[in-house]
Amino acid sequence: MIQVKVAKVIVDVPAAQTDHTFSYRFPEVWVDLIVPGIRVVVPFGPRKIQGIVVETLTEEDENLSTKLKSIEEPLDLTPVFTPELLQLAAWLSEETLCFQVAALQAMLPAAMKAKYQKKIVYNEMEIPEELQELFKNRKEASWERAMELNIVPLLQKKAKTHELDIVYEVKEKNRKKKVKMIRSKAGKEKLQELIITLPPQASKQKELLQFFLTRNESVTLQELKEYGFSSQSIRSLVEKDVLEEQSVEVYRDPFEHKTFEPTEPLPLTDEQQAAIAPILQAVEENKFETFLLYGVTGSGKTEVYLQTIQEVLKQGKEAIVLVPEISLTPQIVARFKGRFGDQVAVLHSGLSIGEKYDEWRKIHRKEVKVAVGARSAIFAPFDNLGVIIIDEEHESSYKQEENPRYHARDVAKKRGAYHQCPIILGSATPSLESFARAQKGVYTLLQLTKRMNNRDLPSVEIVDMRNELRDGNRSMFSKKLVELLQDRLDKHEQTVLFLNKRGYSSFVMCRDCGYVMNCPYCDLSMTYHRATSDMKCHYCGYHSHVPATCPECSSKHIRYFGTGTQKVEEELGRLFPEARVIRMDVDTTGRKGAHEKLLSAFERGEADILLGTQMIAKGLDFPNITLVGVLTADTMLHLPDFRASERTFQLLTQVSGRAGRHDKPGEVIIQTYTPEHYSILLSGKQDFLEFYQREMMTRKQFQYPPFYYLALIHISHEDVLKTASIAENISHYLQKHLSSSSIILGPVASPIARINNRYRYQCLIKYKREPELMYHLKKIVHQFQEDTRKNGVYVSVDVQPYVLM
DNA sequence: AGCACGCCGACT
DNA sequence: GTCGGCGTGCTC
């Protein structure tokens, strides 16, 4: 009996019908190459696609397996997934109900996602007249060109007779960056000899030889050119076999022009000492334990992380540090690079696809031991983890809002259990979920209650804007804030002004009838864009001109509610003409590196006031900031979201923490229309514990996390009635199959009732214990995914959702 | 997802 | 009669 090598492959086709392994044979010579975790190209129907090998086995050849197609080629030399990550992907797709490919894809840098290209290859000698236009004397042409020329049917006909073939190619998106290096192939004597024997007119070549007499290592082509050598003379010597040209793979270095000040471990305070001791013990004992490091802003959490990592490295293990997307400022990178130098890889959204790929490869090749990055860095392909740290653990950016809808915290726990290593969740304002777990003893609570060097927390004043209005102040700056701003300008100290833009998008309204322009396809008001001076829908991309008159009442009184940062900036200019203002928002930080540039300009004191949105709430740590102003504290408080209070408290506390972190004491002004609300009141006192108690009562009363778990089901369809009826069916199914202790809300129309002309309904499940839940959810999704194409219904599930819209 | 195959309407 | 519309089923 003949034995056949078979690989089970997950193919790169995200669809319900292909969400399983496909078996392929592969030749004996590839046994060492085709292993679980490697990417391959496989034939799939008429095309070639990428796949990931998840298992290999040897089978007896019983005709059956001879029918299998064969793997086309491997795409990697070593597996890109460790066995642990393959296992993790399987778990992830189970837990988040996503396709297996989606889970696997989420673990790789974007550069490794396959790109497909369709092309036409001509097989016979003479290209006929009617195809000249397409092929232009070459044997290959792109499919796009054929489409342009409108000759696809002709080509399909010719493909049947194999006069030509339609070929499907797999291409990698990103190539490795290579640099041309030149080195001498000959010995010194040979070079000397050539300098003498070459004809006198080859003077440049002689100079080049002279150069290589003094430098016998490789030199980059670029460097040679900088010395004034031409590619012509280099080429001549390469042809003479004296010099050699080789392509050497290099990393793109996002921090090329930056030096990181090396830092030494700082002496720990008693509190820090007490906090780090149990962590170090867990590291030493290889114990999987989750710590919640609750430390007020400026209490030195980072130093605890750094010294933990130091211990982990000493044991020859690796560390992952997660930081929230936007806060990964150079400041934080600098602290890790400064302590651990080139042992650190940085993975975050500010890097280009190529740069991320290179940083990822450093981990893959075991050239670094620490990965610092945003959410997806939790999948760093380490195989001997010693600790996982999640800084600002309450941040919502740790939850991915598209498939796979995972929370990095859950993945961290899964990996921690596998590697038997501790997890540290750090925050000045922990999420209620985490703090409740710490209270119950599921997590180990560690506290840092004092700021470094016993600096006081900034004094916070809450200003009631209703009083301001009553007193005739209609501007967005309270008298107190204006006063303090002037004071800081006089003292040459810096101010951070924070504008919570959410719920404030710039819309256009008719002042006579109150008409607001809505997107015709989505139930949303459209946003005004000053740059293009048109209206745009942020969900479907539809845009149109701003009407000159109101479409409803023909009034000419159309008003732009473009509140945002631009307007504040204008008003600042009016109030303080001498003030230098840096504005940070999506408009000014759009380009790569802009974010960083603005911040460092502010750090150098090139501006007096930094004005911005969410993005400036965290990570800022400049000594000269002594005033923080929050212009509208309550804009996010009234969002239809059970976490609105929590988010408000967290944000205000974080922002306040920006002031007075160094020698000078800080002041904070919080402007609000609801000063009596506990999340505003308590953030002013920086009293997390009190806030926690109050908010827990509310959550208990309204049956929300952490007292209940959530699962949200979305249903969408072009037809409202159809959507509602499917939602109704799903709700019935749940009522029938879930335990009576679970609460099923809905079906109701989603807060955004229509996007892209599809109506949206949702069902929210609140549950405490529901062992069969995943089974039922899977069943629901499968049932309706099955006829997605038949009837256009789309059903998706978000387990433990963060956004309920 | 893509692609091919197949079955119906409006054109040379 | 054929070109091309998109409904349906399959991909190891």
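In the text below, chain A, chain B and the rest are named by the order of the sequence lines, each starting its count at 1.
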Enquirer: How long is the line joining OH of A/Y24 and P of C/dT11, in whole Å?
Expert: 10 Å

Enquirer: Measure the acute angle between the ring planes of A/Y802 and A/H407, then classify it against the limits of 30° and 60° as parallel, tilted or perpendicular.
Expert: tilted

Enquirer: Atom CD1 of A/I10 and atom C1' of C/dT11: how far apart are they, to the nearest Å?
Expert: 14 Å

Enquirer: Using a cut-off of 4.0 Å on non-hydrogen atoms, how would the nucleic acid contact of A/F44 be classed: base, sugar-phosphate, or nothing?
Expert: base

Enquirer: Please assess A/E359 against A/K362 for the test salt bridge (Lys or Arg N to Asp or Glu O under 4.0 Å), listing each intermediate value before the final yes or no.
Expert: CA-CA 5 Å; A/E359 294 291 305; A/K362 287 183 193 168; 3.0 Å; yes

Enquirer: Within the structure shown, what part of the strands sits under 4.0 Å from A/K48 by heavy-atom distance: base, sugar-phosphate, or nothing?
Expert: nothing

Enquirer: Atom CD of A/Q156 and atom P of C/dG5: how far apart are they, to the nearest Å?
Expert: 12 Å

Enquirer: Please report the distance, rounded to the nearest Å, between CD in A/Q50 and P in B/dA1.
Expert: 18 Å

Enquirer: Take the protein atom CD of A/E59 and the nucleotide atom P of C/dC12, then report the distance between them rounded to whole Å.
Expert: 16 Å

Enquirer: Roughly how many Å is it from CG in A/L155 to P in B/dC3, rounded to a whole number?
Expert: 14 Å

Enquirer: Within the modelled atom types, does a donor on one side and an acceptor on the other bring the side chain of A/R47 and the base of B/dA4 under 3.5 Å apart?
Expert: no

Enquirer: Could you check how far CZ of A/F22 sits from C1' of B/dG2, rounded to whole Å?
Expert: 13 Å

Enquirer: Check this one for me: any side-chain N or O of A/Y168 less than 4.0 Å away from OP1 or OP2 of B/dA1?
Expert: no

Enquirer: Please give, in whole Å, the distance from B/dA1 P to A/I49 CD1?
Expert: 13 Å

Enquirer: Of all the choices, C/dT11, B/dA4, C/dC12, which nucleotide is nearest to the side chain of A/L68 once you look at every atom?
Expert: C/dC12

Enquirer: Please report whether the ring centroid of A/F81 lies less than 6.0 Å from that of A/F379.
Expert: no

Enquirer: Looking at every heavy atom in both A/R415 and A/I378, which two are closest together, and how far apart are they?
Expert: NH1-O, 2.8 Å

Enquirer: On the nucleotide B/dC3, are OP1 or OP2 found under 4.0 Å from the side-chain N or O atoms that A/K118 carries?
Expert: yes

Enquirer: Is it true that A/H776 and A/Y733 share a donor-acceptor pair across their side chains at a distance under 3.5 Å?
Expert: yes

